[in-house]
Visitor: 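Attaching a single structure in structure tokens format; questions to follow.
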Amino acid sequence: MSLPEATLDLPAGQAIDLSTCRVLIIDDSPAIRQLIGAFLENAGIPLVENAANGSEGLAKVEAFEPDLVILDIVMPGMDGYEVCRRLRADPRTRTLPVLVETALDSAADRSSVFQAGASDVISKPIHGPELIARVRLQLENRLLIRSLEDHVKLMTWEMELARYMQENLLPREDMLESLAAATGLAIASHFQPSANLGGDLWSVHALGEGRTGVSIIDFTGHGLAAALNTFRLHALMNQMTPDPEDPAAYLAALNAKLVDLLPSGQFATMFLAIVDSRHGRMTFAAAGSPCPVIGNPGIGLLDGSGLPLGISLEARYENCRVPFPEGSVLFLYSDALTESVDRRGLYLDSSTLTGLVDDCRREDGAAKALRRLIARFLEGRGPVTDDLTLVWMSQGPLPA
Amino acid sequence: MQSRIQKGGDAVELFLEGRFTFADHESFRHIIEELGADAPPRQCTIDLTEVSYLDSAAVGMLLLMRERFDRSKITLKGGSSSVKELIRIAKLGTLFDIAD
């Protein structure tokens, strides 16, 4: 499967319908207002309103909400300069196009008109075709900008919705609480996509008889494409329950599906741990995941190596079993943790990381331990630029 | 990332230098095109000795190359300790030949 090349298509020379555009004429001369109105109507712009002076004009801007103001400069009372300045000072009308028509036509006059905030200037006596050409230009710009703004608003809203949906893929707090009550395994997490959306996912399977599957997944890249992959994988994972004794078979099954689904060059790393709280042990399998830190009670790294998911049907995964008695902790993380540098330009190396986990596990409970770890990690470090996911597990006493 | 290609018969060597990341997506595509311009090379050595950092997108690009030249022997050579660690963790040894 090959990826499409990115292209950008813009409408070229398309005639834009101006019949819904609203134009306000502010001029003290009834004859000129009438003349301009006639030109506009001829050009297919029927929605026109009039004002005879500056203050009436500002009131009509408020009431009529024009797309364009045609403005005279020399008027009794508030003049055109002042109208212009007030329109520019108001955030609601800062970008409203203002076409000034004036008999003042020296270079200095024109430049003060632009300084006051006019979008364009046309000289009196008004020449119909020139007026319409300039009106059309301003209105077309206005419509294009508005449609871009609408588009950006829609995209922003949709991205927020998608982000909300992605957060809903993650294990729910109440589910984790009832799991802790049943197995004594407390789980705390931190999920922070680098953009609105990310390629990280973590997940919990309650497997019964005191057994819990916990996994962390990281798709290549970040942003929308990576996020869509997390939705796909989440759907796949919901259809399949891991065999508590054989997490490697689960990785192999997901791999087989992802090899078909993912385009070439995209893949996911994954670590799946199945904690057996009753027997005080853990079985895990890995697919190229950052090496998790374990304290059981000796502190060390587990082997996260394995061919990432989605690359090859030939991939083979292995089960490993380690003791996980009461008091043990396991810390899973995405590679943003070890790939971001501190202010001295240093990466978090494995001995610093195990030291950090060793220090934090003294805290009472998973949530406090993770909070301490995040605070200590962020100390002396700039913003993390990749998706960051952290999962901390502490095995407490088995409920009676 | 900087790159240099050295051709010798049906074997080519590709020297990479610097950080190899998603930002090199476009240029690495061109490299693959250039390497396969006449026919896929029988042997290709990617020299990573001067590569300081490799991200997951870069691994993806190596995989694209692996797929494009599916009959070629492709060797990943050298690399900083973090690059070698990534190659080990992702078990790229199952898809490429690895040399020091």
Side-chain angles (χ1 to χ4, degrees), chain A residues 1-3 5-6 194 199-200 217-223 225-226 255 259 262-271 286-292 301-318 334-336 338-341 345-350 385-387, chain B residues 1 14 16 18-33 35-36 40 44 46 48 51-74 76 79-98:
Chain A
M1 204 166 117
S2 66
L3 293 173
E5 294 287 332
S194 57
D200 281 6
I217 295 118
D218 184 353
F219 276 91
T220 29
H222 34 84
N255 178 57
V259 167
L262 295 182
S264 304
Q266 285 188 20
F267 55 83
T269 66
M270 179 165 177
F271 186 92
S289 159
C291 296
L301 294 176
L302 296 176
D303 183 11
S305 70
L307 196 67
L309 306 179
I311 295 174
S312 163
L313 286 173
E314 314 285 304
R316 296 285 171 270
Y317 302 99
E318 282 169 39
S334 58
D335 55 8
T338 47
E339 286 182 1
S340 71
V341 290
L346 296 176
Y347 292 99
L348 184 66
D349 61 33
S350 53
T385 54
D386 197 358
D387 306 332
Chain B
M1 182 187 69
L14 171 64
L16 302 179
R19 289 167 57 85
F20 184 11
T21 66
F22 181 75
D24 303 299
H25 182 76
E26 210 45 52
S27 59
F28 200 77
R29 264 191 183 196
H30 290 137
I31 291 174
I32 296 178
E33 290 312 312
L35 289 177
C44 178
I46 304 174
L48 302 169
V51 172
S52 56
Y53 175 75
L54 207 67
D55 74 356
S56 65
V59 173
M61 288 180 258
L62 293 174
L63 293 170
L64 283 175
M65 182 168 177
R66 173 70 279 174
E67 193 176 273
R68 171 77 202 275
F69 304 140
D70 54 351
R71 284 153 187 241
S72 312
K73 174 182 157 87
I74 302 182
L76 302 181
S80 68
S81 58
S82 73
V83 169
K84 283 184 175 162
E85 178 64 4
L86 184 66
I87 289 173
R88 186 189 73 78
I89 293 283
K91 290 217 166 152
L92 294 185
T94 58
L95 300 167
F96 299 88
D97 289 291
I98 308 292

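Every chain is numbered from 1 and lettered A, B, ... according to where its sequence line falls, protein lines coming before strand lines.
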Visitor: Are any of the side-chain heavy atoms of Val59(B) and Phe267(A) separated by less than 4.5 Å?
Guide: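 Val59(B) reaches Phe267(A) side chain to side chain.
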Visitor: If I measure from the heavy atoms of chain A, does Leu95(B) come under 4.5 Å with its side chain, its backbone, both, or neither?
Guide: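 The side chain, not the backbone.
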Visitor: So which heavy atom on Ala90(B) is nearest to which on Pro308(A), and how close?
Guide: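 The answer is O-CD, 3.4 Å.
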Visitor: Please classify the contact between Ile89(B) and chain A as side chain, backbone, both or neither, with a heavy-atom cut-off of under 4.5 Å.
Guide: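 The answer is both parts of Ile89(B).
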Visitor: Hey, what do you get for SG (Cys291(A)) to CZ (Arg88(B)), rounding to the nearest 0.5 Å?
Guide: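 One gets 5.5 Å once the value is rounded to the nearest 0.5 Å.
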Visitor: Measuring from Ser81(B):OG to Asp349(A):CG, what's the distance to the nearest 0.5 Å?
Guide: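 One finds 10.0 Å between OG of Ser81(B) and CG of Asp349(A).
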Visitor: Where does Ser289(A) contact chain B at under 4.5 Å (heavy atoms): side chain, backbone, both or neither?
Guide: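 It is the backbone, since no side chain atom gets that close.
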Visitor: Quick one: what part of Leu307(A) sits under 4.5 Å from any heavy atom of chain B, side chain, backbone, both or neither?
Guide: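 Contact with chain B: backbone and side chain both.
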Visitor: If you tally heavy-atom pairs under 4.5 Å against chain B, which of Ala315(A), Ser312(A), Gly288(A), Ser305(A) wins?
Guide: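 Top count of heavy-atom pairs under 4.5 Å with chain B: Ser305(A).
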Visitor: Please report the interatomic distance OG1(Thr94(B)) to CZ(Arg316(A)), rounded to the nearest 0.5 Å.
Guide: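 Taking OG1 in Thr94(B) and CZ in Arg316(A), the distance rounds to 10.5 Å.
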Visitor: Indicate the atoms forming the closest heavy-atom contact of Leu64(B) with Ser264(A), along with that distance.
Guide: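 Nearest heavy atoms, Leu64(B) then Ser264(A): CD2-CB, 3.3 Å.
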Visitor: Could you tell me which of Asp335(A), Asp218(A), Thr220(A) has the largest number of non-hydrogen atom pairs under 4.5 Å with chain B?
Guide: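 Winner by heavy-atom pair count: Thr220(A).
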